[in-house]
Amino acid sequence: MEKTVEFLTKHGMSPELIDPSVYAEKMRRDMVCGLRGEKSSMPMIPTYIEFDGSIEPGQSVIVIDAGGTNFRCGLAEFTPDGCNLSYVEKYTMPGFDYSVTWDEFISFTADKIQSLTDKTDYIGFCFSYNAEITPEIDGRVRRIDKEVVITESFGELVGASLSRELERRGIPGKRVFVLNDTVAALLGSAYMLDKTKYGGFIGQITGTGANTCCVVPVERIAKLHSDREGTMIVNMESGLYDGFPQGEFDKILDSQSNNPGEKQLEKMVSGAYLGELGRLALTAAAGEGYISEKAGKKLSALGRFDTSVIDAWASGEKLETLTDDDDEKEFVKAICRALFSRSARCMCSTLLGIMLLNDIGGERDKPVCICAEGSLVDKSRFFRPYLLDCLREYGEKKLGRYAVMQIGYETTLPGSAAAAVLNKSNKKR
């Protein structure tokens with residue numbers, strides 16, 4: 001363990017550099033600036049999507065989920081028992097294996113839903129990239145990331161583009177509601193819950209990417225310039241937060257990414273990057289003699305690998321692919337666990353920052369419900385336990401903030417349907 005601490009400290013990668021009880025307040029201040037339209041690394045994007053309300057059974061919505069790796073679509077129908085999905089198909093996300101143009105992406109999307117357009121006039125489109133949501137609940141593209149490349153996309157309106165393509169095909173009159181995956185996860189998990197049991201709600205995605213959303217009183221969103229009342233879901237784009245201390249391997253990874261200088265928090269937290277951080281760290285460890293040259297050569301022969309590899313190594317599994325030496329195995333295991341611990345500390349800071357922002361989850365309040373989804377939350381053996389430990393240690397014990405976690409599975413499609421149904425009376429439409 002002494003070698004591990006020495007190595008992590010030397011390269012600025014120690015999890016202990018991030019104290020969630022300290023960074024929660026720093027992030028809260030950044031969130032306030034974002035709501036005011038002032039300089040902030042978190043844009044706090046108004047979604048114009050209402051969170052409250054009930055859903056009457058019998059309503060159907062075409063649903064689309066354009067994610068960091070996969071593209072899914074299908075038909076959602078609300079029943080007294082929940083949301084039933086049918087005709088669901090799954091494809092590799094356009095732009096993941098090779099670049100495509102915006103028009104090619106929209107044409108692909110229209111192709112996949114065209115057979116469903118006789119079943120409903122409503123389309124819920126979960127678009128998991130940075131987009132400015134308009135009062136019409138459309139999304140103007142600002143950034144395509146997560147290593148997906150769609151050219152000529154900046155400034156395009158997602159819903160309007162799809163509507164025009166459908167109209168060109170002789171299918172007019174479809175209303176498209178655009179939201180991101182974090183908002184969809186919140187709606188998809190929460191619409192069936194008894195909301196009176198909770199003091200507030202937070203949406204959290206930690207998978208290929210990382211982001212959070214929260215419900216904010218409209219009067220606090222100064223940049224909204226609206227006479228609306230009540231509350232609104234805000235897409236925080238918290239993956240852009242740049243206030244955490246970066247280590248040496250964070251900087252190397254960033255310089256080699258498709259979007260250098262952007263998405264600092266996401267690159268420290270999410271599944272798209274943790275595997276590469278592990279490779280960079282262990283390659284350096286081999287070069288500096290912390291593990292043998294032989295182990296370093298085996299590591300190099302593996303090439304790039306994903307987060308599931310370091311999750312296995314953190315568990316002590318498959319370490320024989322690198323070394324037979326027990327001390328080296330313990331070193332590799334500890335480095336991998338440190339990356340998950342640091343990731344959890346960053347996400348914990350974000351969640352606690354939201355609780356401080358909205359003053360929810362206090363000792364005299366009901367607990368906050370964190371509606372979480374994503375491959376790290378669901379599949380990693382370390383991320384969720386570490387995150388829950390952080391919430392107890394720094395949230396409950398140090399800040400007096402309490403939360404429970406509701407784990408969602410494939411909630412983006414039901415959430416996209418819920419967004420359309422709950423907001424179809426939007427007067428801007």
Side-chain angles (χ1 to χ4, degrees), residues 20-38 40-53 133 179-180 182-187 189-191 193-206 210-224 226 228-241 243 265 346-372 387-388 390-392 394-406 408 415 419 422:
S21 62
V22 173
Y23 278 93
E25 174 57 24
K26 292 183 178 182
M27 295 190 80
R28 183 200 68 80
R29 293 197 295 265
D30 209 57
M31 294 171 198
V32 170
C33 290
L35 290 173
R36 292 174 177 170
E38 300 170 356
S40 168
S41 60
M42 285 185 287
M44 305 295 286
I45 302 169
T47 66
Y48 296 91
I49 291 175
E50 297 178 4
F51 179 69
D52 297 323
I133 303 301
L179 65 163
N180 83 334
T182 316
V183 176
L186 172 59
L187 289 169
S189 290
Y191 84 95
L193 297 177
D194 180 355
K195 295 178 182 177
T196 64
K197 293 183 177 180
Y198 305 101
F201 287 83
I202 298 172
Q204 173 205 334
I205 291 284
T206 318
N211 192 20
T212 46
C213 68
C214 60
V215 183
V216 177
V218 168
E219 64 266 19
R220 298 192 66 185
I221 312 175
K223 59 186 178 182
L224 197 61
S226 170
R228 292 171 60 123
E229 298 179 350
T231 60
M232 180 185 295
I233 300 176
V234 170
N235 167 25
M236 299 168 61
E237 287 297 333
S238 57
L240 292 167
Y241 181 69
L265 183 149
C346 290
M347 181 52 68
C348 181
S349 301
T350 309
L351 297 172
L352 293 177
I354 296 169
M355 294 183 216
L356 295 178
L357 174 73
N358 287 327
D359 192 19
I360 53 178
E363 293 181 352
R364 298 183 179 180
D365 194 11
K366 299 173 184 176
V368 173
C369 182
I370 301 168
C371 298
L387 177 56
L388 292 172
C390 279
L391 287 168
R392 284 189 289 268
Y394 296 95
E396 296 179 15
K397 294 181 181 179
K398 292 192 175 182
L399 298 179
R401 302 286 167 170
Y402 296 81
V404 296
M405 190 168 286
Q406 174 80 21
L422 290 171

CE (M405) and CD1 (I202) are apart, to the nearest 0.5 Å, by 9.0 Å
Looking only at heavy atoms, the pair that brings N235 and C213 closest together is CA-CB, 4.1 Å
Next on the checklist: Working note: E50 + L422, criterion side-chain contact (heavy atoms from CB on, under 4.5 Å); need CA distance, chi angles, decisive distance, verdict.
Outcome noted: CA-CA 7 Å; E50 297 178 4; L422 290 171; 5.7 Å; no
Is any side-chain heavy atom of K366 closer than 4.5 Å to a side-chain heavy atom of K197? no
(Q) Can you confirm whether V216 sits close enough to M31 that some side-chain heavy atom of one is under 4.5 Å from a side-chain heavy atom of the other? (A) no
On a heavy-atom basis, the closest approach of G408 and S189 is CA-OG, 3.9 Å
Salt bridge (Lys or Arg N to Asp or Glu O under 4.0 Å) filter on D365, not counting sequence neighbours, yields none
Can you find a heavy atom in the side chain of T212 that is under 4.5 Å from one in the side chain of M236?
yes
E237 side chain reached by N180 side chain, heavy atoms, under 4.5 Å
yes
By ring-ring contact (aromatic ring centres under 6.0 Å, His included), F51 pairs with (sequence neighbours left out) F201
Check whether any side-chain heavy atom of M44 lies under 4.5 Å from a side-chain heavy atom of V32, and answer yes or no. no
Closest non-hydrogen atoms of P46 and I133, given as atom of the first, atom of the second and distance, are O-CB, 3.4 Å
Residues passing the salt bridge (Lys or Arg N to Asp or Glu O under 4.0 Å) test with K397, sequence neighbours excluded, are E393
- Within-4.5 Å side-chain heavy-atom neighbours: L387 and T206: no
Pairwise side-chain contact, D30 with K26, heavy-atom cut-off 4.5 Å (strictly under)
no
Within a strict 4.5 Å, meaning less than it, do heavy atoms of the V404 and Y198 side chains meet? yes
Across all chains, not counting sequence neighbours, the side-chain hydrogen bond (donor to acceptor under 3.5 Å, both in side chains) partners of S21 are D19
Open item on the list: side-chain contact (heavy atoms from CB on, under 4.5 Å), that's the test. Do L399 and M355 meet it? Break it down for me.
Closed with: CA-CA 10 Å; L399 298 179; M355 294 183 216; over 6 Å; no
Residues G395 and L352: closest non-hydrogen pair is CA-CD2, 3.6 Å
- Given side-chain contact (heavy atoms from CB on, under 4.5 Å), test V368 with N358 step by step and report yes or no. CA-CA 11 Å; V368 173; N358 287 327; over 6 Å; no
Applying side-chain hydrogen bond (donor to acceptor under 3.5 Å, both in side chains) to R29 and not counting sequence neighbours gives E25
Those residues at least two apart in sequence (or on a different chain) that pass ring-ring contact (aromatic ring centres under 6.0 Å, His included) with Y402 are none
